[in-house]
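Comments concern the structure below.
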Amino acid sequence: MKTIFGLVDCNNFYVSCERVFNPKLEEKPVIVLSNNDGCVVARSDEVKALGVKMGIPVFKCKDLIKKHRIHVYSSNYALYGDMSQRVMDTLAQFTPDLEIYSIDEAFLSLSGFTSLNLTQYGKHIKNTIKKWTGIPVSIGIGPTKTLAKVANHIAKKNPQFEGVFDITEHPQIDVLLDSIEVADVWGIGYQYSQFLNQNGIYTALQLKNAPDKWIKKHLTVVGLRTVDELRGISCIPLEQVAPPKKGIISSLSFGRPVETLAELKEAVATYVSRAAEKLRSQKSVASCVHVFLTTNRFKDEPQYSNYATFWLPIPTAYTPDLIHYAHQNLGKMFKPGYRYKKAGIMLTGILSQQQVQLNLITPSYHPSREKILMKTIDQINARWGSDTVKYAVAGIQRLWKMRQSKKSPRFTTHWKEIPVVRTSF
DNA sequence: TCTGGGGTCCTAGGACCC
DNA sequence: TCTGGGGTCCTAGGACCC
């Protein structure tokens, strides 16, 4: 059976989420900012047309924001996560063969639907998602994931396709590939595109026709896979079940410079709690804790950054132990006299709880009283909202917390913030 | 004043072993 | 004057993705 992939990609996802609950934003320029209100991470089409680039710091486009009255929002992950879930649930109605690739993208297998007109079917999917969730999507269809990505790109750039493009229906795929810049190919980032340009390769077609040996030498086997996928040879399969994470990172920039060890300890304890929660949700334990901290590299002031790694005596998912070791590491690295901008932790050496070898001398996390305690806390926090139960060492005031000055309400996940349609009759 | 956060995979090189 | 070679494991760094 011929494999056919569909790639469903939400248009300007974060902006679209804001628009669902605030229709006045339709056809207006809108941007959504990263954590700490730092960079532009989502732009409406109107903003893209103004030339605001993805990822630029917001202070660099202050004038444009003012001049064009761009609506600015802080990231509202509670809202985006919930809207993403709704989109994915809708998609799951159409096929069981679904890979949730990111918060706003999913690959699906259309191999079983080849008797249908796939473009028509894609439009049906697209319209249903719009109707059920309010989110506009584009759909690309192709014989490999990379070509489905290309098709999606074409669907987005050319309004005449109404958001759905099936590359296999095009008689001359090479003509299409010749119109795609090599930097727009999935898997070709900034460094590789610079390198390829220097070597006379500017389009997806030229990349497709590059010699295998040369590609493998300079872009590794990963690059070669991309090239084969452009040729129509499917090398990247659909991954329906997300593999457990091999590393869990939790880090955030501070809302203001932090100078005391006490505050850094609060932040680190907060990050560890979050990471450990994720760790437990995939039924894993970690063997290794890394802690890092750094000053603001953009500032002209004394710089210091460092990290430390600690192997745990036994792999665990018990937050108090993880916090203890993280704090020990932090204490070793901390140097007074610096203005710290960011700290974070990473859990690695991740094993499944079952898989951990039972050690006859030291007690293991699974099963244990600690595990039951963690489970109870996780359940309370899942039901009543995160941080309902938290660790005192994680701080109460949390003055270092990030800024989010322009956040929209959590319309769909918090009772107090649900939109009110009518207050009286 | 203000520059995100969380992941994956691959390769090269060093340590160590037989 | 001679100073092997191959395999494995680990880590750091660099590329990519959203």
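Side-chain atoms are counted along with the backbone in the values below, which use heavy atoms only and exclude waters and symmetry mates. To find a chain, count down the sequence lines: A is the first, B the second, and so on, and within it residues start at 1.
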5'-most by nearest nucleotide on DNA chain B - A:Asp37 or A:Glu239: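 It is A:Asp37, whose closest nucleotide lies nearer the 5' terminus.
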Starting at the 5' end of DNA chain B and moving along, which residue's nearest nucleotide shows up first, A:Pro257 or A:Pro244? A:Pro257
So does [X] pair up with [Y], basic N to acidic O under 4.0 Å?
X: A:Lys156; Y: A:Asp9; answer: yes
X: A:Arg225; Y: A:Asp228; answer: no
X: A:Lys145; Y: A:Glu229; answer: no
X: A:Glu18; Y: A:Lys28; answer: no

Can you list, in residue-number order, the parts of [range] that come under 4.0 Å of DNA chain B, counting heavy atoms only?
range: residues 335-349 of chain A; value: A:Lys341, A:Lys342
range: residues 43-78 of chain A; value: A:Pro57, A:Phe59, A:Lys62
range: residues 293-310 of chain A; value: A:Asn296, A:Phe298, A:Lys299

Just to be sure I understand the rule, does [X] reach a base, reach only the sugar-phosphate, or reach nothing, if contact means heavy atoms closer than 4.0 Å?
X: A:Asp104; result: sugar-phosphate
X: A:Ile248; result: sugar-phosphate
X: A:Lys145; result: nothing

Could you identify which residues of residues 184-203 of chain A place a heavy atom less than 4.0 Å from some atom of DNA chain C, listed by residue number, or say none?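 Residues of residues 184-203 of chain A that come under 4.0 Å of DNA chain C are, in numerical order, A:Val185, A:Trp186, A:Gly187, A:Ile188, A:Gly189, A:Tyr190, A:Gln191, A:Tyr192.
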Residue-level proximity of residues 134-143 of chain A to DNA chain C when a heavy atom falls under 4.0 Å: none
Donor on one side chain, acceptor on other, [X] and [Y], under 3.5 Å:
X: A:Thr146; Y: A:Thr144; answer: no
X: A:Asp82; Y: A:Thr412; answer: yes
X: A:Gln282; Y: A:Ser284; answer: yes
X: A:Thr133; Y: A:Arg86; answer: no
X: A:Lys371; Y: A:Gln353; answer: yes
X: A:Asn152; Y: A:Ser138; answer: no

Taking Watson-Crick and G-U wobble contacts under 3.5 angstrom, with | marking pairs to another strand and [ ] crossing pairs, the secondary structure of DNA chain C is written ....||||||||||||||
Side-chain donor/acceptor of A:Glu99 to backbone N/O of A:Leu238, under 3.5 Å: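 It does not hold such a pair.
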Measure from the side-chain N and O atoms of A:Asn76 to the backbone N and O of A:Pro409, and report whether any donor-acceptor pair falls under 3.5 Å. yes
side-chain contact (heavy atoms from CB on, under 4.5 Å) between A:Cys61 and A:Val40, intermediate numbers included: CA-CA 9 Å; A:Cys61 53; A:Val40 176; 4.2 Å; yes
Using side chain to side chain donor-acceptor pair (under 3.5 Å) as the criterion, list what pairs up with A:Asp174, not counting sequence neighbours.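 Once residues adjacent in sequence are excluded, the partners of A:Asp174 under the side chain to side chain donor-acceptor pair (under 3.5 Å) criterion are A:Lys208.
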Can you list every pair that meets salt bridge (Lys or Arg N to Asp or Glu O under 4.0 Å) and has a residue in residues 125-142 of chain A, with sequence neighbours left out? none
For residues 192-228 of chain A, which residue pairs pass the ring-ring contact (aromatic ring centres under 6.0 Å, His included) check, not counting sequence neighbours?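 The answer is A:Phe195-A:Trp214, A:Phe195-A:His218, A:Trp214-A:His218.
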Which pairs pass ring-ring contact (aromatic ring centres under 6.0 Å, His included) with one or both residues in residues 13-66 of chain A, sequence neighbours excluded?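 Matches after skipping sequence neighbours: A:Tyr14-A:Tyr77, A:Tyr14-A:Tyr80, A:Phe21-A:Phe411.
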Test: side chain to side chain donor-acceptor pair (under 3.5 Å). Region: residues 40-49 of chain A. Which pairs qualify, not counting sequence neighbours?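 Residue pairs passing side chain to side chain donor-acceptor pair (under 3.5 Å), neighbours aside: A:Asn12-A:Asp45, A:Asn12-A:Lys48, A:Arg19-A:Glu46, A:Ser44-A:Glu46.
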Which two nucleotides bound the region of DNA chain C that has atoms under 4.0 Å from heavy atoms of chain A, read 5' to 3'? C:dA12 to C:dC18
If we take the C1' atom in both B:dC17 and C:dG4, what is their distance in whole Å? 14 Å
Only one of A:Leu312, A:Leu330, A:Thr316, A:Ile345 passes side-chain contact (heavy atoms from CB on, under 4.5 Å) with A:Tyr325; say which it is.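 Looking at A:Leu312, A:Leu330, A:Thr316, A:Ile345, the match for A:Tyr325 under the side-chain contact (heavy atoms from CB on, under 4.5 Å) is A:Leu312.
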How long is the straight-line distance from OG of A:Ser193 back to CG of A:Leu207, given to the nearest 0.5 Å?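 Result: 11.0 Å between the selected atoms.
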Once rounded to the nearest 0.5 Å, what's the spacing between atom CD1 of A:Ile188 and atom CD1 of A:Ile180?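 It is 13.5 Å, given to the nearest 0.5 Å.
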